[in-house]
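Just so you know, these numbers use all the heavy atoms, side chains as well, and skip hydrogens, waters and symmetry mates.
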Amino acid sequence: MQQRSESFENQPLSTACHTENIDCGISEDYDEEIYQKAMNYYHLPFLQLIQEAAGVHKENWPEADIQRSALLSIKTGSCPEDCSYCPQSARYETDIKKHPLMEVEDIVEKAKAAKENGAQRFCMGAAWRKPPRGEQFDRVLEAIRQVKALGMESCVTLGLLDEEQASKLKQAGLDYYNHNVDTSKDYYSKVITTRKFKDRVKTLRNVRNQNINICCGGILGMGESASDRMKLIAFLATMSPQPESVPINFLVKFDGTPLEKMEDIDILHFVRTIAVARLLLPKSRIRLSAGRMDMSREAQILCLTAGANSIFSGEVLLTSPLPGYTFDNQLIDDMTKPLTVSNKEMVHVL
């Protein structure tokens, strides 16, 4: 596939690309120069890569905070798509418990609990190819309004959107729309066949045209190459403006899905990808998302050191288990607060 290769001299990454293929700053393709830069970063010695990412992180996020978000599945299962990683697809026999769209008051109770446990953003996900018109979509709009009334950032992920739906979400006060592209354009058809990469891009354009913040990232460990990972990062970095939020997921393997026996990606390759994302997406929230239950505490700390500055907190992320609020509170304290040493630990033992 031929990629664009305009000069980036003296231009920021977010404003250097202007061609007839771009609508609202979002092209289906990545810029070749950004991709080459990503590949060069990815192959740096690990310590040098982490040091460079840490420098960019400190420059752009001097407060060194880690944002906590919660993601609730407000409608689970029976999705017509065939995403190879997803247990909510109606095409696979999995153990998830299906449920119809939740009532607004039940959604708001979950949001209140998330806020009490430190979540600043509340995300709501529905397993649809695209949201249905009528009462169900209106129910989501009301849930957004009530979550906003709690003083939380609101986010939804509902599938493909048309212009009218994006406009209604904006009018309801939506802060972020999550719409992951999952992997590179080249590898996309190996993971999903019921939609195309360009379908995702069209929804991203509809969202951006309404000045809604974009939350867009991908999943690592689906059999993709290092080149595919860097093409994904290059696609995100080519967007103008760049996405405000970038979830990086470690594949969670569900029994019954086509990827259930996929070999784990090396955790250091996962960390490398986060570091490259931080270098090329300096002002984006890099979100350490699904898959943390398969990572050690130390691996998660390494991801946060490499440039991630947000986690999804709680007991579950849609249908994927999470470590829980107690673990997450301690993790964030370990990363952001000074070390306190007890008297017992100060005693020198001969």
Side-chain angles (χ1 to χ4, degrees), residues 65-77 79 88 96-128 131-132 134-159 161 165-166 168-180 207 210-217 243-247 249 252 285 287-290 292-293 308-332:
D65 71 313
I66 298 173
Q67 186 190 54
R68 278 176 276 200
S69 300
L71 174 54
L72 174 68
S73 179
I74 61 174
K75 184 267 178 185
T76 303
C79 181
Q88 299 201 62
I96 67 156
K97 296 180 179 179
K98 302 175 184 178
H99 68 73
L101 184 63
M102 295 172 62
E103 298 297 332
V104 172
E105 54 267 29
D106 296 327
I107 296 171
V108 173
E109 285 304 309
K110 294 288 188 181
K112 288 178 180 177
K115 183 178 181 180
E116 289 171 2
N117 282 283
Q120 298 151 295
R121 182 183 301 179
F122 191 71
C123 308
M124 296 159 274
W128 288 318
E135 187 275 332
Q136 290 191 72
F137 190 63
D138 291 343
R139 202 186 312 175
V140 173
L141 297 176
E142 181 58 26
I144 291 168
R145 286 188 281 265
Q146 294 201 28
V147 167
K148 290 281 290 180
L150 298 176
M152 303 181 78
E153 293 181 352
S154 61
C155 176
V156 295
T157 178
L158 310 172
L161 293 179
Q165 290 168 324
K168 288 183 177 180
L169 290 171
K170 177 65 175 181
Q171 292 170 29
L174 183 68
D175 296 299
Y176 288 83
Y177 193 80
N178 168 260
H179 202 61
N180 292 336
V207 169
Q210 293 298 323
N211 292 316
I212 298 171
N213 294 315
I214 286 177
C215 178
C216 183
E244 289 76 13
S245 181
V246 177
N249 298 274
V252 178
R285 281 276 185 193
R287 313 180 79 78
L288 183 57
S289 301
R292 289 200 293 128
M293 290 294 287
N309 60 348
S310 176
I311 62 171
F312 281 101
S313 198
E315 306 298 330
V316 66
L317 175 71
L318 289 179
T319 58
S320 303
L322 287 173
Y325 289 116
T326 300
F327 176 92
D328 291 342
N329 291 340
Q330 186 61 56
L331 178 70
I332 291 176

Could you give me the CA-CA distance, side-chain angles and deciding distance for E153 and N213, then say whether side chain to side chain contact (heavy atoms under 4.5 Å, CB included) is met? CA-CA 11 Å; E153 293 181 352; N213 294 315; over 6 Å; no
Side-chain touch [X]/[Y], heavy atoms, less than 4.5 angstrom:
| X | Y | result |
| --- | --- | --- |
| L174 | Q210 | no |
| F122 | K115 | no |
| L169 | L141 | yes |
| V156 | Y177 | yes |
| P247 | N249 | yes |
| N211 | K170 | yes |
| N180 | T157 | no |

Which distance, rounded to the nearest 0.5 Å, do you find between the [atom1] of [X] and the [atom2] of [Y]?
| X | Y | atom1 | atom2 | answer |
| --- | --- | --- | --- | --- |
| R145 | K148 | CZ | NZ | 12.5 Å |
| Q165 | F137 | CD | CZ | 5.0 Å |
| E142 | I107 | CD | CD1 | 10.0 Å |
| M152 | S69 | CE | OG | 8.0 Å |
| C215 | Y176 | SG | OH | 8.5 Å |
| L71 | C123 | CG | SG | 5.5 Å |

So with a 6.0 Å cut-off around NZ of K110, is the heavy-atom count from everything else above 12?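 Not buried by this count: 12 neighbours or fewer within 6.0 Å.
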How far apart are the closest heavy atoms of [X] and [Y], and which atoms are they?
| X | Y | result |
| --- | --- | --- |
| I74 | A126 | CG1-CB, 4.1 Å |
| S310 | R285 | CB-CD, 4.3 Å |
| Q88 | K75 | OE1-O, 3.8 Å |
| A143 | M124 | CB-SD, 4.0 Å |
| A111 | V147 | CB-CG2, 4.1 Å |
| Y325 | A70 | OH-CB, 4.4 Å |

Between the main-chain N or O of D175 and the side-chain N or O of S154, is there a donor-acceptor pair closer than 3.5 Å? yes
I'd like to know if E135 pairs up with R139 as an ion pair, taking the criterion as any Lys NZ or Arg NE/NH1/NH2 lying under 4.0 Å from an Asp or Glu carboxylate oxygen. yes
When you check the gap from the basic side-chain N to the acidic O, do R292 and D328 get nearer than 4.0 Å? yes
Please determine whether side-chain hydrogen bond (donor to acceptor under 3.5 Å, both in side chains) holds for the pair N117 and R68, giving the CA-CA distance in whole Å, both sets of side-chain angles, and the decisive distance to 0.1 Å. CA-CA 9 Å; N117 282 283; R68 278 176 276 200; over 6 Å; no
Test Q67 against R287 for side chain to side chain contact (heavy atoms under 4.5 Å, CB included), laying out the working first. CA-CA 9 Å; Q67 186 190 54; R287 313 180 79 78; 3.1 Å; yes
Take I214 and E244, measure what side chain to side chain contact (heavy atoms under 4.5 Å, CB included) needs, and give me the verdict at the end. CA-CA 6 Å; I214 286 177; E244 289 76 13; 4.0 Å; yes
